[in-house]
Amino acid sequence: MTRATKTYVSETVSRLKPSGIRRFFDLAASMEGVISLGVGEPDFVTAWSVREACILSLEQGYTSYTANAGLLELRQEISSYLSRKFGLFYRPEGEVLVTVGASQALDLALRAIVNPGDEVIVVEPSFVSYGPLVALAGGVPISVRTNGADQFKLRPQQIEEVVSSRTKALILCSPNNPTGTVLNQEDLAAIARLVEKYDLLVISDEIYAELTYDEPYTSFPAVEGMRERTILVSGFSKGFAMTGWRLGFVAAPEEVLQAMLKIHQYTMMCAPTMAQYGAIEALKNGEHDVDEMRKSYRRRRNYFVQSLNDIGLHCHLPGGAFYAFPSIASTGMASEQFAERLLLEEKVAVVPGSVFGASGEGYVRCSYASSLEQLQEAIKRMKRFLSRL
Ligand code: PLP
């Protein structure tokens, strides 16, 4: 092959599509006066006590590597947090790993369990990383489509339709990004029966577990029989408003966790030390701050979802996270066209549902992690936009 036609990029990476969210961010960033309901992150600054703990660690000169698995004190705090909040029991030594965000945890989990060609079920609409991470691990992502009319809940029948002898694992995400849907104990128990029947592993992404508003939260490994089959992925980004700290964690049975640790020690060494000191403080004393943030999101959710329905965009009441996922079917537009026109004509940025998989078409994702004033203004602009159609 001559130099002009040769590519140095691997076939797997060449095949990956760039994230559809980025395009809208870039467009919105180039315009003035845009209200962005596009970003998937809290609008709170991390609690002061957490920032202070991080600063103190630097003042004390704690600037070296930690243990590969993370500071033992942090793993102990994670273990007691999982026990008091969700009734889970994981040993800090051997079953808990501190990672660089839930993002790295997902990557490690997949790389630790996937053999070439293994299938991993991804529930759509889904967080944009799952499919590409499965492919990068050498697996084949298999989509399951959930249904807006059923509030995007995953039903056992939908798993039955795609499961095969090559299926290794299922990625669950509750509360879900982008739909905000929460699977309750009954939903999870029904899924658990299928997981047992087909001998699957579950990667349970519970990064939004702190942000649920209506029912008590059930963590997947707390469902009978599921602890030994689950890789629990979580972190500090969303509930503790710590996206920039890049800190997450995994809890899993020892065999899988040690496999993940092996990859982690070669690729990452350890998560950032100063961030780990901040996280210890967040788990020790951060509950009140998390409660206040949760109350604030709940108020905004109630206002925003009601308002979407009032202006004619049907939207189910999402039980968690900070996303509303209204249907735009009444406009007759594709989600990409809707998002582009809304941005250009009214300067409101939302994310087209199609970027979260085919079943997201006909919907848009709006983050309500914005001030109430901004949300009110966004609704006013969206109403004006709809009235012109
Ligand atoms: N999982 C889901 C469902 C998310 O929405 C996100 C971030 O948007 C992540 C994982 C990644 O989180 P982190 O910042 O901990 O890497």
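Just follow the structure's listing: the first ligand is 1, and inside any ligand the first atom is 1. Atoms considered below: every heavy atom in the structure, side chains included; atoms not considered: hydrogens, waters and symmetry mates.
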Purely on distance, is any nitrogen or oxygen of [X] under 3.5 Å from one on ligand 1?
X	answer
A102	yes
Y323	no
Y130	no

Just which atoms of ligand 1 are under 4.0 Å from any heavy atom in [X]?
X	value
G101	15 (O), 16 (O)
R246	13 (P), 14 (O), 16 (O)
Y208	3 (C), 4 (C), 5 (O), 8 (O)
S237	13 (P), 14 (O), 15 (O)

Inset, instruction - Cation-pi check, R298 to F322: give yes when NZ or CZ is under 6.0 Å from the six-membered ring centre and within 45° of the ring axis, no otherwise. - result: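 No; the conditions do not both hold, so R298 does not lie above the ring face of F322.
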Inset, instruction - Answer yes or no for E41: is there a heavy-atom contact with ligand 1 below 4.0 Å? - result: no
Inset, instruction - Return yes when T243 approaches ligand 1 closer than 4.0 angstrom through a heavy atom, no otherwise. - result: no
Inset, instruction - May I ask you to say whether E377 pairs ionically with K380, meaning some side-chain N is under 4.0 Å from a carboxylate O? - result: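 Answer for the salt bridge query: yes.
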For [atom], what is the closest protein heavy atom, and at what distance to 0.1 Å?
atom	value
atom 1 (N) of ligand 1	D205 OD2, 2.6 Å
atom 11 (C) of ligand 1	S103 OG, 3.4 Å
atom 6 (C) of ligand 1	F127 CZ, 3.4 Å
atom 8 (O) of ligand 1	K238 NZ, 2.6 Å

Inset, instruction - Check whether the ring centres of F356 and F127 lie less than 6.0 Å apart, and answer yes or no. - result: no
Inset, instruction - Please state which part of C173 comes within less than 4.0 Å of ligand 1, counting heavy atoms only: side chain, backbone, both or neither. - result: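 Only the side chain of C173 comes within reach of ligand 1.
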Legend entry - Positive for ring pair (Phe, Tyr, Trp, His ring centres under 6.0 Å) with F325, one of F304, Y368, Y363: Y363
Legend entry - Any donor-acceptor N/O pair, Y217 side chain to S174 backbone, under 3.5 Å: yes
Inset, instruction - State whether the side chain of S307 and the backbone N or O of I379 hold a donor-acceptor pair below 3.5 Å, judged by distance alone. - result: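 Pair absent, no side-chain N/O of S307 close to backbone of I379.
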Inset, instruction - Using the six-membered ring wherever Trp is involved, compare the ring planes of Y208 and Y323 and label them parallel, tilted or perpendicular (cut-offs 30° and 60°). - result: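 Taking Y323 first and then Y208, their aromatic rings stand perpendicular (interplane angle over 60°).
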Inset, instruction - Work out which heavy atom in A369 is nearest to a heavy atom in P42; give both atom names and the distance. - result: CB-CA, 4.3 Å
Inset, instruction - Check whether any side-chain heavy atom of S237 lies under 4.5 Å from a side-chain heavy atom of R246, and answer yes or no. - result: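 When only atoms from C-beta onward are counted, R246 and S237 do touch, with a gap below 4.5 Å.
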